[in-house]
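Only a predicted model underlies this, so the values are computations on that prediction, with no experimental measurement involved.
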Amino acid sequence: MIRSLLPLALLALSAPAAAEWTPKAELGLVNTSGNSNTSSANGKFALKGEDEFWTHEYFLAALRAEADDEATANRFELGAKTARLLGERQYLGSAARHERDDFSAYEHQSTLAVNYGAWLLKEDDHTFQLEGGPGLRHARLADGGGSETDALLRGYADYQHQVTASTQFYNTLLVEATPENTFAQNDIGIAVSINKTLALKAGFQARHNTEAPEGLERTDTLTSVNIVWSPRAKAR
């Protein structure tokens, strides 16, 4: 666990204190009772900092769900990215991610990659960002199936469209490909501002592993409606 989190700690230490930082938090809760008792909670905290030459992003996310007092989802994820700007539209950087999931093909996965990235579209109401590069991945299979350490090819795409002054559409895609497994996650949704600091976000997330032990699904999905807080009002 400690070795898995080391790349994240190194990226965090590289962040300059002089950067302008923006926090963001979101939370969604569901609870039912009666003939069936279910509850679920998902949340995320993110922090982004940038100055003239560097950008830094950190996040912590969690998902927990229960049905009739039995857990049906339990996931914890944290990640970090840092980049050195090469002009207005290009950059070089690195990204690290670690997750633990009790209901996945993998008990945990950790990745570290270096990236070249660029904004193909960078306007006030439209942005389209692509990045990719090589790295390493360490993962432990569920149910004591052993561990894997492989070379990694990482790709990331982020599209955002400010449809109106209060409505934003977003779609992000993360792909981490290795010889043993390819992990892909796509998040798509829409966010509507309530006031200067709060927004309501409806999203759909699909996560897929190309390899999974017998008896486990390769694809997990999450549909959520969350309240988002940010001092700058944007929900993404």
Do F59 and W21 sit in the same hydrophobic cluster, where Ile, Leu, Val, Met, Phe, Trp and Tyr count as joined when their side-chain heavy atoms come under 4.5 Å apart?
no
Can you tell if the side chain of L60 reaches within under 4.5 Å of the side chain of F76, non-hydrogen atoms only?
yes
Determine the interplanar angle of the H126 and H161 rings, folded into 0 to 90°, and report it as parallel if under 30°, tilted if 30 to 60°, perpendicular if over 60°.
parallel
Check this for me: does any side-chain nitrogen of one of R75 and E99 sit under 4.0 Å from a carboxylate oxygen of the other?
no
Do you reckon F45 sits in the same ILVMFWY cluster as L222, going by side-chain contacts under 4.5 Å, direct or chained?
no
Test log, rule side-chain contact (heavy atoms from CB on, under 4.5 Å), inputs T127 and D158
CA-CA 8 Å; T127 61; D158 181 12; 5.7 Å; no
Side chains of Y156 and Q129, donor plus acceptor under 3.5 Å:
no
Between I227 and I194, is any pair of side-chain heavy atoms under 4.5 Å apart?
yes
Before accepting this row, confirm whether a basic side-chain N of the pair R137/E176 lies closer than 4.0 Å to the acidic partner's carboxylate O.
no
If you compare all heavy atoms of T22 against all heavy atoms of S230, which two are closest, and at what distance to 0.1 Å?
CG2-OG, 4.2 Å
Step-by-step side-chain contact (heavy atoms from CB on, under 4.5 Å) determination, E107 to R100:
CA-CA 6 Å; E107 180 182 307; R100 300 186 67 90; 3.3 Å; yes
With distance as the sole criterion, is a donor-acceptor pair present between the side chains of N171 and N186 under 3.5 Å?
yes
Would you find a donor on one side and an acceptor on the other, under 3.5 Å apart, between the side chain of K201 and the backbone of E26?
no
Knowing that exactly one of Y91, F128, Y159 qualifies, which makes a ring-ring contact (aromatic ring centres under 6.0 Å, His included) with W119?
Y91
Could you see if L29 belongs to whatever hydrophobic cluster contains L200? Use Ile, Leu, Val, Met, Phe, Trp, Tyr and a side-chain cutoff under 4.5 Å.
no
With a 4.5 Å cut-off on side-chain heavy atoms, are L174 and R154 touching?
yes
Work out which heavy atom in Y58 is nearest to a heavy atom in A80; give both atom names and the distance.
CD2-CB, 3.4 Å
Taking all atoms of both residues into account, what is the closest heavy-atom pair of L153 and P134, and its distance?
CD1-N, 4.3 Å
Quick one, D68 and E70 - any side-chain contact, counting heavy atoms below 4.5 Å?
no
According to a hydrophobic-cluster definition based on side-chain heavy atoms being under 4.5 Å apart (Ile, Leu, Val, Met, Phe, Trp, Tyr only), do V163 and F204 belong together?
yes
Decide if atom CG of N31 counts as having more than 12 heavy atoms of other residues, nucleotides or ligands within a radius under 6.0 Å.
yes
How far apart are the closest heavy atoms of G28 and N226, and which atoms are they?
CA-OD1, 3.2 Å
Could you check whether any side-chain N or O of T210 sits under 3.5 Å from a backbone N or O of T182, counting only pairs where one atom can act as donor and the other as acceptor?
yes
Report the distance from atom CD of E57 to atom OG1 of T82, rounding to the nearest 0.5 Å.
9.5 Å
Give, for atom CG of D187 and atom OG1 of T172, the distance between the pair rounded to the nearest 0.5 Å.
4.0 Å
Using every non-hydrogen atom in the two residues, find where P231 and T197 come nearest and quote the distance to one decimal.
CA-CG2, 4.3 Å
What's the spacing between H208 NE2 and R218 CZ if we round to 0.5 Å?
6.5 Å
When rounded to the nearest 0.5 angstrom, what is the spacing between OG1 in T72 and CG in D102?
11.0 Å
Are K48 and K24 side-chain neighbours, meaning at least one heavy-atom pair lies under 4.5 Å?
no
Hydrophobic clusters here meaning ILVMFWY residues chained together by side-chain heavy-atom distances under 4.5 Å, can you tell me if L27 and L63 are in one?
no
Show the nearest heavy-atom pair for residues A71 and E66, with the distance to one decimal.
CA-CG, 4.1 Å
Student check: side-chain heavy atoms of F169 and T167 closer than 4.5 Å:
no
Any side-chain heavy atom of Q109 sitting closer than 4.5 Å to one from N181?
yes
Using the rule side-chain contact (heavy atoms from CB on, under 4.5 Å), only one of T149, L152, D150 pairs with H138; which is it?
T149
